[in-house]
Amino acid sequence: MPVENKSIKSSGRTTEECQGQLHPKAMEGLHLFNAGKFFEAHEEFETAWRDEAGAIRDLYQGILQVAVTYLHITRGNYDGAVKVYGRSLKWLHGWSDICRGIHVKKIRDDAEVVMTELQRLGKAGINTFDLALFKPIQWNEKRLWRCDRCGSEMYEMNCKVSCPNCGNRFDCSDLNLYFD
């Protein structure tokens, strides 16, 4: 059974917080995480966390904590992994399934699988942990568009951006339009 954190923050997160672009250091952190460079990913997310304002910092903190959890596992530190994973839960709680292009639900699900296996192995078995269970973070490097009329996620194809909900559209020649 995965670690549960009794002090999970109340969500209070809004859709607007998931709009906008990722901090460049967060993007670099995602690349490093996916390359298995968890310490380096942690450093990049920490920089993004310091530079950002608002609730998005919590998402960066949550991903940073998952990276540290995985780092502890690779170093054979069972107690550290369990402790930091517990902390990550409060930071990753309450976000949309996809936020700023990051598949947050998948991060939570993948980390839970990792922790379930780690706890099954226990302290004595941490050195037999299958590192193939560390799944890459899925994220969309392209810009995410939100409809300024209805708030739905818009889809981009061949320089055309369309809202599947209300039909609002624009193309790349509409440079005066800016959507977050």
Side-chain angles (χ1 to χ4, degrees), residues 1-15 17-123 125-141 144:
M1 195 81 181
V3 175
E4 291 191 30
N5 188 334
K6 304 281 188 221
S7 64
I8 290 178
K9 293 172 74 170
S10 69
S11 137
R13 305 189 198 290
T14 65
T15 305
E17 291 166 325
C18 285
Q19 296 176 24
Q21 292 188 344
L22 288 172
H23 189 282
K25 291 293 188 176
M27 286 190 251
E28 183 60 25
L30 290 166
H31 285 293
L32 290 164
F33 185 103
N34 289 350
K37 296 179 179 181
F38 301 119
F39 178 80
E40 294 85 352
H42 156 269
E43 293 294 308
E44 296 299 316
F45 273 105
E46 190 170 313
T47 300
W49 176 81
R50 274 193 239 116
D51 289 351
E52 284 278 12
I56 196 65
R57 297 177 76 212
D58 291 353
L59 178 59
Y60 295 164
Q61 183 74 5
I63 298 169
L64 178 159
Q65 297 281 320
V66 171
V68 173
T69 298
Y70 291 5
L71 179 65
H72 281 306
I73 292 170
T74 64
R75 293 181 174 175
N77 182 354
Y78 180 89
D79 292 332
V82 171
K83 180 179 178 181
V84 176
Y85 172 71
R87 285 188 206 148
S88 77
L89 295 176
K90 73 176 181 175
W91 301 112
L92 292 175
H93 178 75
W95 290 101
S96 299
D97 289 353
I98 299 175
C99 184
R100 295 199 183 189
I102 299 172
H103 292 243
V104 180
K105 182 181 183 319
K106 184 162 179 4
I107 295 170
R108 288 190 304 256
D109 293 347
D110 290 347
E112 184 177 337
V113 167
V114 165
M115 291 310 295
T116 298
E117 176 61 9
L118 181 66
Q119 290 175 331
R120 185 188 72 75
L121 294 171
K123 276 186 187 185
I126 192 170
N127 293 325
T128 65
F129 185 87
D130 181 3
L131 299 180
L133 290 174
F134 295 154
K135 302 299 181 197
I137 294 174
Q138 292 182 2
W139 63 293
N140 179 0
E141 292 187 59
L144 293 180

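Nothing fancy with the numbering, it's 1 onward along the sequence.
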Query raised in the report: Are Glu43 and Thr47 close enough that some pair of their side-chain heavy atoms sits under 4.5 Å apart?
Result: no
Report task. Say whether, by atom type as modelled, one donor and one acceptor occur between the side chain of Lys25 and the main chain of Leu22 under 3.5 angstrom. Result -> no
Query raised in the report: How are the rings of Tyr60 and His23 set relative to one another: parallel (under 30°), tilted (30 to 60°) or perpendicular (over 60°)?
Result: perpendicular
Query raised in the report: Once you round to the nearest 0.5 Å, how far does CG of Leu133 lie from CD of Glu117?
Result: 6.0 Å
Query raised in the report: Could you give the distance from OH (Tyr70) to CG (Asp110), rounded to the nearest 0.5 Å?
Result: 6.0 Å
Query raised in the report: Hey, does Met115 have a side-chain heavy atom less than 4.5 Å from the side chain of Thr69?
Result: yes
Requested in this report: Report yes if some heavy atom in the side chain of Phe134 is under 4.5 Å from a heavy atom in the side chain of Phe129; otherwise report no.
Outcome: yes
Query - Separation between CD1 of Ile73 and CG of Asn127, rounded to the nearest 0.5 Å - result: 11.5 Å
Report summary line: Shortest non-hydrogen pair, Ala26 vs Ala48, comes out as N-CB, 3.7 Å
Query raised in the report: Checking salt bridge (charged side-chain N to carboxylate O under 4.0 Å, His left out) for the pair Lys123/Asp79: CA distance, chi angles, key distance, verdict?
Result: CA-CA 8 Å; Lys123 276 186 187 185; Asp79 292 332; 3.0 Å; yes
Query raised in the report: Can you tell me how far the CD atom of Glu28 sits from the NZ atom of Lys37, to the nearest 0.5 Å?
Result: 9.0 Å
Query - Arg100 side chain reached by Ile56 side chain, heavy atoms, under 4.5 Å - result: yes
Query - Closest contact, heavy atoms only, Cys18 versus Trp95 - result: SG-CE3, 3.7 Å
Query raised in the report: Hey, does Val114 have a side-chain heavy atom less than 4.5 Å from the side chain of Tyr85?
Result: no
Query raised in the report: Between Glu44 and Leu32, is any pair of side-chain heavy atoms under 4.5 Å apart?
Result: yes
Query raised in the report: Where is the tightest heavy-atom contact between Arg57 and Glu52, given as atom of each residue plus distance?
Result: CD-O, 3.2 Å
Query raised in the report: Taking all non-hydrogen atoms of both residues, which atom of Ala41 and which atom of Ala67 are closest, and how far apart?
Result: CB-CB, 4.4 Å
Query - Within the 6.0 Å centroid threshold, strictly below: His31 and Trp139 - result: yes
Report task. Check whether any side-chain N or O of Arg108 sits under 3.5 Å from a backbone N or O of Leu92 as a donor-acceptor pair, and report yes or no. Result -> yes
Query raised in the report: Do you know which two heavy atoms are closest between Phe33 and Phe38, and how far apart they sit?
Result: O-CE2, 3.5 Å
Report summary line: Output for pair (Gln119 CD, Ile126 CD1), nearest 0.5 Å, gives 11.0 Å
Report task. Please round to the nearest 0.5 Å and tell me the distance separating atom CD1 of Ile102 and atom CE of Met27. Result -> 9.5 Å
Report task. Compare all side-chain heavy atoms of His72 with those of Val82 and state whether any distance is below 4.5 angstrom. Result -> no
Query raised in the report: Is a donor on one side and an acceptor on the other found under 3.5 Å between the side chain of Asn34 and the backbone of Ile137?
Result: yes
Report task. Compare all side-chain heavy atoms of Leu30 with those of Phe45 and state whether any distance is below 4.5 angstrom. Result -> yes
Requested in this report: Could you pull out the closest heavy-atom pair between Ala81 and Leu118, with the gap in Å?
Outcome: CB-CD2, 3.8 Å
